[in-house]
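What follows is a single structure, written as structure tokens, with notes after it.
Each chain gets a letter, A, B and so on, in the order its sequence line appears, and its residues count up from 1. Here the structure is a predicted model, which is why all the values come from computation and not from measurement.
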2 protein chains.
Amino acid sequence: MTYHHGNLRKELLDRAAYVIAEQGIEALSLRALARDLGVSHAAPSRHFADKAELLRALATVGTDRFISYVLAAADAAGDDPLERYAAMGRAFIRFSLVFPAYYRTLTHPDVTAHADEDLKAASERHRLVIHDAARAAQAAGWLPDEKTEDAVLFSIATVRGTAAIMNDPLSSKTEDDTEAQIRRIVRLIIDPDTLNAKNKATRSA
Amino acid sequence: MTYHHGNLRKELLDRAAYVIAEQGIEALSLRALARDLGVSHAAPSRHFADKAELLRALATVGTDRFISYVLAAADAAGDDPLERYAAMGRAFIRFSLVFPAYYRTLTHPDVTAHADEDLKAASERHRLVIHDAARAAQAAGWLPDEKTEDAVLFSIATVRGTAAIMNDPLSSKTEDDTEAQIRRIVRLIIDPDTLNAKNKATRSA
DNA sequence: AATTGAAGTTGTCATTGACAACATTTGACC
DNA sequence: GGTCAAATGTTGTCAATGACAACTTCAATT
């Protein structure tokens, strides 16, 4: 038994993400995690002061992945600011389905209620990415009459709520074509009808 | 020491709601609940098979309160279907702030993932209330071109996401005038542009 | 009055998170 | 190369918790 595992912190985070995705965040136990990695029950405490700190670390990692995922979707959508913003909205929702562990962690009361500096910083980075894209979209005609703050809150609320519904067995109608549903909802945010004639023409072209 | 408490089930639910509102849902413990009510540690098991069942019962009660709260707001808004729907949206968001315990319970993974028949039935009642109001709003001109299912998903997602953000210390900007913020967001769902003559003309053209 | 089932009690167990005290490894410094 | 301090892992222990079993009391029906 190697005394030094060498990479325990990262492996704990990875294994935790796996367990949460497979069995839900309620099933996560530090001791079980330690057992899974063949390490003593107190080993995790060397890397995370308590369980909440592990969850916060996971949320921080998740936020950065979130940012990468959303930015990649924007870049894949091309240069048009409205198309980019719509693509980011779709990616936002999709993220919760692709990485359920991060989604669960990011919406866990223990995490959001007691964020540490790392998580707050990551969260701020995330906020900036969305705001910048929203500003560009507004300049291109999206909800041009609205305060940017309200427009951002509105769109984030919608995609976040959609993600919540789709991750909620009670509400989700388990639509066969989830992706099409996502597109339709995001279309209602970036509503072509609220755009000026120029954009309308561009879209119907 | 009265052997028969007489009203334990209801008192457990009330106390649980109080504790969740005060200290968060993670702090809820069956044994502490029993202590608070001056009852033995196993007494709750006579009324709830396990902790999750108590949470589900709380969610069921909460759903019914939710329905009452939202319907009352609609009735206070008068007869116009669009005004009623907007009022329901605002009430939807406000509910999460007024009854945090129910909100937490209704979004708890343990509850949504393992709903029992009672909760499913309550959830279905809730769905019907929203759908009926949405249908009426559509008939009155709200997103008239959209499939009702999509229009409902869109509006529920937005109010639900707004509630999530406002209950999330990481995201909420702790706006001084929450109520005004709620109104502005709901206005973006029930877009005034879809109401005024100019846009109506554009749409029907 | 007897009985029966609902409701509450005591006792116990395994699991868990947290903590303390100890052991080993690593790497920096001489 | 040797020494030492810090990082990392280990064993041992504790209190709290949820769950369960076995026993007790109460109330309602007959």
A:Phe66 pairs by ring pair (Phe, Tyr, Trp, His ring centres under 6.0 Å) with which of A:Tyr102, A:Tyr103, A:Phe95, A:Phe99? A:Phe95
In whole angstroms, the gap separating P of C:dT9 from CG of B:Leu37 amounts to 11 Å
Rounded to whole angstroms, how far apart are CZ on A:Arg46 and C1' on D:dT10? 9 Å
When we call it a touch if two heavy atoms are under 4.0 Å apart, what does A:Arg9 touch: a base, just sugar-phosphate, or nothing? nothing
Note: A:Leu119 and A:Ala115 closest approach over all heavy atoms is CD2-CB, 3.8 Å
Rounded distance (Å) that lies between atom C1' of D:dG18 and atom CG of B:Leu33: 13 Å
Between P of C:dG8 and CG of B:Asn7, the distance in whole Å: 10 Å
Have a look at A:His41 and say if it touches a base, only the backbone sugar-phosphate, or nothing, with a 4.0 Å heavy-atom cut-off. base
Rounded interatomic separation in angstrom, taking CZ from A:Arg31 and P from C:dA18: 11 Å
N/O (side chain, A:Arg35) to phosphate O (OP1/OP2, C:dT16) under 4.0 Å: yes
Euclidean distance, atom NZ of residue A:Lys51 to atom C1' of C:dC19 [Å, nearest integer]: 17 Å
Which one, D:dG9, D:dC20, C:dG17, comes nearest to the side chain of A:Ser29? C:dG17
Which residue is it: B:Arg183, B:Arg184, B:Lys173? I am looking for the one with a salt bridge (Lys or Arg N to Asp or Glu O under 4.0 Å) to A:Asp150. B:Arg184
Just wondering, more than 12 heavy atoms not from A:Asp79 lying within 6.0 Å of its CG? no
Is it true that, when you exclude A:His126 itself, more than 12 heavy atoms of the residues, nucleotides or ligands shown sit nearer than 6.0 Å to its NE2? yes
Between CG of A:Leu28 and C1' of C:dT15 the distance, given in whole Å, is 14 Å
Counting side-chain heavy atoms from CB outward, which of C:dA18, D:dG18, C:dT9 is closest to B:Leu30? D:dG18
Atom pair distance, as rounded to whole Å: CD in A:Glu26 and P in D:dG18: 13 Å
So what does B:Ser40 touch, heavy atoms closer than 4.0 Å: a base, only the sugar-phosphate, or nothing? base
